[in-house]
Amino acid sequence: MSVVKAAVFASGTGSNFQAIMEKSDLRCEVVLLVCDKQGASVVEKAEKYGVPVLEFNPKSFASKAEYEALLVEKLMGAGVTWIFLAGYMRIAGPTLLQAFENKIINIHPSLLPDFPGKDAIGQAFTSGVGTTGVTVHYIDEGIDTGPIIAQESVDVLPSDTEEALKKRIQDVEHRLYPEVINQLMGK
Ligand code: GAR
């Protein structure tokens, strides 16, 4: 049986990318990292793992449809069938969504639909909720919307700092995302 080929899309540090790469029994092969931010440290991580990087600057394209058409061409050329968003801070448009229907998932550091968008951990921390968490979901054209695949709660402790909460949430992300990916492979 041939191995499923996947791409990770990331814009930042890449700790989730690293967690995916470190999963010893990952049931797919990450053949491409797509990054929209010049200088993002995820790029160095990809080089360390020998994963080819496709860096692009969205501002150098006339439209989202134009850069997504290029991405689709490169992804298909690399045989990619699944896309894992891991801190990719950009909304997908119809060009990408239609080419990879039901094959793009995202991880978000809150219990969606609570606290979508940027700085979900900070939003939860300042709101005073007692519980937040992590969501893995299929994406659509919204901001952190789309059918939910898995969620895990993380309590906000009375003694918490935002940094401490972030660490516990990211620990959950790094375990949950590769697990969910493995569950989805072959479907
Ligand atoms: C992660 O916490 C991820 O859940 C979040 O960005 C962070 C990226 O960290 N994604 C979103 O907020 C999506 N709306 P990383 O670069 O270290 O993986």
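For the numbers below, each heavy atom of this structure counts, side chains included, while hydrogens, waters and symmetry mates do not. As the structure lists them, so they are numbered: ligands from 1, and atoms in each ligand from 1.
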So, is Asn106 polar-close to ligand 1, with some N/O to N/O distance under 3.5 Å? no
Short N or O distance, Ser15 and ligand 1, threshold 3.5 Å exclusive: yes
What atoms in ligand 1 come closer than 4.0 Å to a heavy atom of Met89? 11 (C), 12 (O), 13 (C)
Check if Ala10 has a non-hydrogen atom at a distance under 4.0 Å from any atom of ligand 1. no
Is there a donor-acceptor contact under 3.5 Å from the side chain of Glu44 to the main chain of Gly39? no
Closest to atom 9 (O) of ligand 1 among protein heavy atoms sits Gln170 NE2, 3.8 Å
State, yes or no, whether a side-chain contact exists between Tyr88 and Val42 at a heavy-atom distance under 4.5 Å. no
Which ligand 1 atoms are under 4.0 Å away from a heavy-atom of Gly14? 15 (P), 16 (O), 17 (O), 18 (O)
Quick check against the 3.5 Å criterion: does Glu162 have a side-chain atom that pairs as donor or acceptor with the backbone of Phe125? no
Using a 4.0 Å cutoff against the non-hydrogen atoms of His108, which atoms of ligand 1 qualify? 4 (O), 11 (C), 12 (O), 13 (C), 14 (N)
Parallel, tilted or perpendicular: ring planes of Tyr67 versus Phe56, cut at 30 and 60 degrees: tilted
For ligand 1, which atoms have a heavy atom of Ile107 less than 4.0 angstrom away? 3 (C), 4 (O), 10 (N), 13 (C)
Judged by atom type as modelled, is there a donor-acceptor pair below 3.5 Å linking the side chain of Ser11 to the main-chain atoms of Met89? yes
Could you tell me whether the side chain of Glu55 and the main chain of Gln38 form a donor-acceptor pair under 3.5 Å? no
Counting only heavy atoms, which portion of Glu173 has something under 4.0 Å from ligand 1: side chain, backbone, both, or neither? side chain
Quick one: does Gln18 get within less than 4.0 Å of ligand 1, heavy atoms only? no
Salt bridge check, Arg175 against Asp171: does any charged N sit closer than 4.0 Å to a carboxylate O? no
Is the closest heavy-atom distance from Pro109 to ligand 1 below 4.0 Å? yes
Under a 3.5 Å distance rule, please check whether Thr135 uses its side chain to pair with a backbone N or O of Ser110 as donor and acceptor. yes
Numbering as shown, the atoms of ligand 1 that approach Thr13 to under 4.0 Å (heavy-atom distance): 16 (O), 17 (O)
Give the atoms of ligand 1, by number and element, whose distance to some non-hydrogen atom of Asp144 is under 4.0 Å. 13 (C), 14 (N)
Crowded around Lys64 NZ? As in, over 12 foreign heavy atoms under 6.0 Å? yes
Subset of ligand 1 atoms that lie under 4.0 Å from at least one heavy atom of Gly87: 6 (O), 8 (C), 10 (N)
